[in-house]
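To keep things clear, I will list the structure first and then write my remarks on it.
Along the sequence shown, residues carry numbers from 1.
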Amino acid sequence: MTHSLALKVADAVADLLAEPDTAHVSPRTTTTHRQHLAYGPTGIALMHIERAARGLGPWQRAHDWLAVAARKPFTSGPDSHPFYGAPALAHTVACAAEHLPGPYQRALDTLDAQIATDIGRRLGAAHRRIDAGLLPQLAELDVIRGLSGYGAYLLRRDPGSADMRTVLDYCVRLTEPITDRDDVLPGWWTVSGPSGLPDERFGDGHANTGLAHGIGGVLALLALAARQGPLVDGHHGAMRTILAWLDHWQEEVGHSPAWPYWITRAELREGRPTPSAPRRPSWCYGTAGLARAQQLAALALGDTQRQIEAEKALVAALTDAAQLKATTDHGLCHGTAGLAHIAARMSSDAHPSTAGQLRATAPALLSSMCPPGTGPAGIALTMLHDEEAGPGFLNGAAGTAMALQAPATAVPPHSAWDACLLIA
């Protein structure tokens with residue numbers, strides 16, 4: 001019953017977002033947020049692409065939302081990134097082109113050429129920064145704004161390309177230590193706070209572990225690339241360096257392993273993280289994203305023990321009342337939908353001893369989003385009327401609707417919509 005209700009909620013969200021002219025969305029969606037994959041029409045189109053690929057809806061809905069997004073030119077060059085501007089549009093168009101290559105191929109070729117130029121510029125700046133012995137900005141390396149996100153796109157579009165290899169070479173180089181004021185730091189130690197902006201609480205910078213903004217995303221990219229074939233010099237060694245870092249900073253929360261969101265300079269010198277209350281085990285930060293990254297790395301390295309430990313870590317987090325209590329929304333980025341989708345993805349690759357445990361987490365997660373006895377239309381309207389979450393992909397209704405499909409059906413996505421999250 002829970003699974004059926006979840007699918008009906010996804011249907012209801014799609015119907016409420018069927019046509020741009022009649023959809024229950026704020027004008028900001030198609031104006032202020034037009035170029036944002038996270039919040040705008042490209043993310044809503046992504047939902048309709050996945051549904052059409054599954055045979056659950058018409059392709060026209062996806063085309064209409066893409067047409068709204070593309071009424072004006074998209075930003076490219078230095079002001080764009082994987083979740084904003086031309087690269088964000090490219091991810092959505094590429095997902096459609098996998099199923100309908102004719103209508104979208106010309107636009108995709110143009111976008112690919114621009115992205116290749118952007119990657120070359122970013123890599124040049126990154127290597128000059130490393131050569132100078134300087135610390136990186138988060139936006140250089142992360143999934144949302146940086147080279148890990150560009151790598152995710154290339155891995156789907158052209159995994160054997162020279163551009164893909166140069167991004168992987170950069171990821172390897174990023175794991176080399178760097179010395180700053182007599183401290184030996186990991187190469188991904190950034191100069192800012194977790195927001196990417198100067199922060200007096202992080203005057204000496206920090207090492208970010210998250211999948212969205214930290215070294216977790218670099219690990220996931222290296223692991224996915226290793227599983228698909230493109231290897232570069234030092235590839236496995238770089239993964240092991242990141243895994244050793246995560247092993248060192250692993251802590252216990254209740255009865256489950258967890259990882260701090262970041263490490264400060266004071267914690268680095270102390271050699272252990274500051275104790276904290278249980279945190280949400282989300283995609284962007286925490287156990288869910290890092291467990292997936294470590295599972296993928298273990299599969300790439302043939303490390304069965306680490307694979308099982310990563311899978312058990314997610315099961316423990318998703319059955320820990322304190323960590324679930326800290327998860328206060330239903331979105332894809334840091335909410336319940338993201339947890340359910342990652343659990344489904346991990347179960348597809350899981351060791352036989354843990355696959356069933358991962359699948360068994362789905363009913364409770366789906367029930368928390370879609371309480372039995374509640375009408376699907378009412379749940380969908382509540383999602384769309386949540387002004388903070390909105391209708392979009394990363395926090396909002398479209399992303400949540402997509403994330404309900406795999407755990408409710410035990411069938412992986414039919415498009416590569418979640419490739420931009422570096423979990424598949």
Side-chain angles (χ1 to χ4, degrees), residues 2 6 194 201 206-216 245-264 267 270-295 306-347 350 353-372 374 382-383 386 388-389 394-395 399-400 403-404 407 421 423:
T2 299
R201 296 170 300 170
H206 76 292
N208 197 296
T209 62
L211 184 60
H213 296 297
I215 199 60
W245 172 268
L246 294 174
D247 288 347
H248 177 82
W249 295 102
Q250 180 179 315
E251 51 189 344
E252 295 296 318
V253 176
H255 298 292
S256 71
W259 294 268
Y261 288 2
W262 48 71
I263 298 298
T264 66
E267 289 171 322
E270 186 69 20
R272 61 177 183 269
T274 302
S276 63
R279 292 174 166 174
R280 61 194 181 198
S282 56
W283 165 73
C284 53
Y285 281 106
T287 301
L290 286 174
R292 178 55 168 168
Q294 291 184 78
Q295 181 201 37
R306 182 179 290 278
Q307 175 193 344
I308 293 171
E309 289 173 357
E311 291 159 5
K312 286 183 174 179
L314 184 60
V315 172
L318 298 186
T319 54
D320 181 352
Q323 293 184 66
L324 291 176
K325 185 179 180 180
T327 305
T328 57
D329 69 82
H330 295 319
L332 191 57
C333 179
H334 43 253
T336 315
L339 300 181
H341 184 69
I342 289 173
R345 274 296 195 184
M346 287 185 68
S347 69
S353 65
T354 50
Q357 298 174 48
L358 284 162
R359 287 192 292 270
T361 64
L365 294 170
L366 294 176
S367 291
S368 71
M369 290 183 280
C370 309
T374 309
T382 299
M383 288 183 189
D386 185 331
E388 185 174 348
L394 200 55
N395 296 316
T400 301
L404 291 172
L421 304 176
I423 57 175

Exercise. Output yes when a side-chain donor or acceptor of Thr354 lies under 3.5 Å from a complementary backbone atom of Lys312, and no otherwise.
Key: no

Practice problem: Applying side-chain contact (heavy atoms from CB on, under 4.5 Å), name anything that partners Thr374, two or more places apart in sequence or on another chain. | Solution: Pro371, Ile379

Practice problem: Report the residues that fulfil side-chain contact (heavy atoms from CB on, under 4.5 Å) with Ala389, sequence neighbours left out, ordered by chain and then residue number. | Solution: Asp386

Quiz prompt | By side-chain contact (heavy atoms from CB on, under 4.5 Å) - contacts of Ser353 (at least two apart) | solution = Ile308, His351

Exercise. Return the set of residues passing ring pair (Phe, Tyr, Trp, His ring centres under 6.0 Å) with His334 (not counting sequence neighbours), or none when no residue passes.
Key: none

Identify all side-chain donor-acceptor contacts of residues 245-253 below 3.5 Å with residues at least two apart in sequence or on another chain.
from: Asp247; atom 1: OD1; to: Arg306; atom 2: NH1; distance (Å): 3.1
from: Asp247; atom 1: OD2; to: Arg306; atom 2: NH2; distance (Å): 2.7
from: His248; atom 1: NE2; to: Gly271; atom 2: O; distance (Å): 3.3

Exercise. Kindly state each residue pair satisfying side chain to side chain donor-acceptor pair (under 3.5 Å) with at least one member in residues 282-291, sequence neighbours excluded.
Key: Asn208-Tyr285

Quiz prompt | For Ala355, all residues meeting side-chain contact (heavy atoms from CB on, under 4.5 Å), sequence neighbours excluded | solution = Ala350, Arg359

Just list the side-chain donor-acceptor pairs under 3.5 Å for residues 315-324, sequence neighbours left out, or say none.
from: Thr319; atom 1: OG1; to: Val315; atom 2: O; distance (Å): 2.8
from: Thr319; atom 1: OG1; to: Ala316; atom 2: O; distance (Å): 3.3
from: Asp320; atom 1: OD1; to: Ala322; atom 2: N; distance (Å): 3.0
from: Asp320; atom 1: OD2; to: Gln323; atom 2: NE2; distance (Å): 2.9
from: Gln323; atom 1: NE2; to: Ser256; atom 2: OG; distance (Å): 2.7

Exercise. Taking Thr336 for its side chain and Asp329 for its backbone only, find out whether a donor-acceptor pair lies under 3.5 Å.
Key: yes

Quiz item: Which residues pass the side-chain hydrogen bond (donor to acceptor under 3.5 Å, both in side chains) test with Thr361, sequence neighbours left out?
Solution: none

Quiz item: Measuring from Gln307:CD to Met346:CE, what's the distance to the nearest 0.5 Å?
Solution: 8.5 Å

Practice problem: With sequence neighbours excluded, tell me which residues meet salt bridge (Lys or Arg N to Asp or Glu O under 4.0 Å) with Arg280. | Solution: none

Self-check item: Residue list, side-chain hydrogen bond (donor to acceptor under 3.5 Å, both in side chains) with Ser347, at least two apart or on another chain
Solution: none

Exercise. Compare all side-chain heavy atoms of Pro194 with those of His213 and state whether any distance is below 4.5 angstrom.
Key: no

Self-check item: Qualifying residues under salt bridge (Lys or Arg N to Asp or Glu O under 4.0 Å), relative to Glu267, sequence neighbours excluded
Solution: none

